[in-house]
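Report on one structure; see the data block that follows.
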Amino acid sequence: MFDALDHWDDVLADQRYLADDRLTLADVRMFPTLIRFDECYHTAFKCNRQYLHQYDNLWPYLRDLYQTPGVAETVRMEHIKDDGYYQGELTPIGPQLDYEAAHDRDRLPTAADVSSQSP
């Protein structure tokens with residue numbers, strides 16, 4: 001798992017999305033895993049080498065996806081924490097993450113930027 005996270009963190013250093021300059025199904029499918037990682041996977045599945053919010057590029061990438069119109073409304077963190085993995089026995093209280101914080105990913109080119117530069 002961490003080899004894959006390290007790989008994607010490196011990829012996202014130079015591009016905004018997984019498949020370069022546009023949001024694709026790959027990003028949409030990566031989102032649920034990333035949004036659940038620090039809140040649940042880190043502890044419940046003992047994936048505790050590193051939190052996602054400690055990655056230089058994956059953490060801003062996750063915030064970028066979260067802030068994409070329509071995405072935040074799909075996240076029910078209380079369900080993820082309480083019902084999703086701990087089944088009401090234990091509800092984690094942390095970490096307290098700010099998914100609305102600035103992500104600075106818009107500095108990377110997107111497909112719209114590339115097409116507007118075409119002759």
Side-chain angles (χ1 to χ4, degrees):
M1 163 157 292
F2 287 101
D3 287 345
L5 291 174
D6 292 342
H7 167 77
W8 289 113
D9 192 61
D10 289 343
V11 167
L12 291 167
D14 299 319
Q15 59 192 52
R16 188 164 182 183
Y17 301 110
L18 298 179
D20 200 16
D21 61 359
R22 67 185 68 224
L23 183 70
T24 66
L25 183 59
D27 301 291
V28 173
R29 289 192 172 174
M30 178 76 97
F31 180 77
T33 298
L34 298 181
I35 196 73
R36 292 176 177 130
F37 194 86
D38 283 5
E39 306 287 350
C40 291
Y41 297 170
H42 184 270
T43 302
F45 299 140
K46 298 180 174 110
C47 298
N48 57 8
R49 183 195 85 183
Q50 182 173 355
Y51 280 106
L52 190 84
H53 72 266
Q54 294 172 319
Y55 280 92
D56 293 334
N57 301 301
L58 280 170
W59 174 231
Y61 167 75
L62 174 58
R63 294 193 320 269
D64 187 10
L65 293 178
Y66 182 87
Q67 294 171 30
T68 300
V71 173
E73 295 81 26
T74 69
V75 177
R76 301 286 180 265
M77 196 56 69
E78 65 280 356
H79 172 76
I80 291 170
K81 284 183 168 187
D82 191 36
D83 298 330
Y85 296 94
Y86 298 100
Q87 301 173 355
E89 296 175 18
L90 168 69
T91 301
I93 58 171
Q96 300 299 316
L97 302 174
D98 184 3
Y99 297 102
E100 297 288 341
H103 53 73
D104 195 32
R105 304 278 308 156
D106 44 9
R107 67 180 163 67
L108 298 167
T110 63
D113 297 332
V114 173
S115 66
S116 69
Q117 295 174 4
S118 302

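The structure presented is a predicted model; accordingly, all values stated were derived computationally and were not measured. Computed over heavy atoms, backbone and side chain alike; hydrogens, waters and symmetry mates excluded.
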Mind checking whether Pro109 and Gln15 have side chains closer than 4.5 Å, heavy atoms only? no
With rounding to the nearest 0.5 Å, note down the distance linking CG in Leu52 to CD in Glu39. 10.5 Å
Would you say the side chain of Leu12 lies within less than 4.5 Å of the side chain of Tyr55, judging by non-hydrogen atoms? no
My understanding is that only residues two or more places apart in sequence, or in another chain, count here; which of them pass side-chain contact (heavy atoms from CB on, under 4.5 Å) with Ala19? Thr24
Please list all pairs meeting salt bridge (Lys or Arg N to Asp or Glu O under 4.0 Å) that have one or both residues in residues 7-16, counting only residues at least two apart or in different chains. Arg16-Asp64
Just by distance, do the side chain of Gln67 and the backbone of Ala72 share a donor-acceptor pair under 3.5 Å? no
Which heavy atom of Phe31 sits nearest a heavy atom of Val71, and at what distance? CZ-CG1, 3.6 Å
Residues passing the salt bridge (Lys or Arg N to Asp or Glu O under 4.0 Å) test with Arg107, sequence neighbours excluded, are Asp104
For Val75, which of Glu78, Glu73, Met77, His79 qualifies under side-chain contact (heavy atoms from CB on, under 4.5 Å)? Met77
Taking every non-hydrogen atom, the tightest pair across Ile80 and Cys40: O-SG, 3.3 Å
With sequence neighbours left out, the residues meeting ring-ring contact (aromatic ring centres under 6.0 Å, His included) with His42 are Tyr51
Heavy atoms, side chains only, cut-off 4.5 Å: are Tyr41 and Thr33 in contact? yes
Validation row: Tyr61, Tyr66 side chains within 4.5 angstrom (heavy atoms): no
Hydrophobic clusters here meaning ILVMFWY residues chained together by side-chain heavy-atom distances under 4.5 Å, can you tell me if Leu25 and Leu18 are in one? no
With sequence neighbours excluded, what pairs up with Asp27 under the salt bridge (Lys or Arg N to Asp or Glu O under 4.0 Å) test? none
Rounded distance [0.5 Å steps], NE2 in His103 versus CG in Leu65: 9.0 Å
Establish whether Val28 and Leu34 are linked, either directly or via other cluster members, by ILVMFWY side-chain heavy-atom contacts under 4.5 Å. no
Are any of the side-chain heavy atoms of Thr110 and Leu23 separated by less than 4.5 Å? no
Interatomic distance, NE2@His53 vs CG@Leu62, rounded to 0.5 Å, equals 11.5 Å
How far apart are the C-alpha atoms of Phe45 and Met1, what are their side-chain angles, what is the distance that settles it, and do they pass the side chain to side chain contact (heavy atoms under 4.5 Å, CB included) test? CA-CA 11 Å; Phe45 299 140; Met1 163 157 292; over 6 Å; no
Does anything in residues 43-63 pair up under salt bridge (Lys or Arg N to Asp or Glu O under 4.0 Å), and if so which pairs, sequence neighbours excluded? Asp6-Arg49
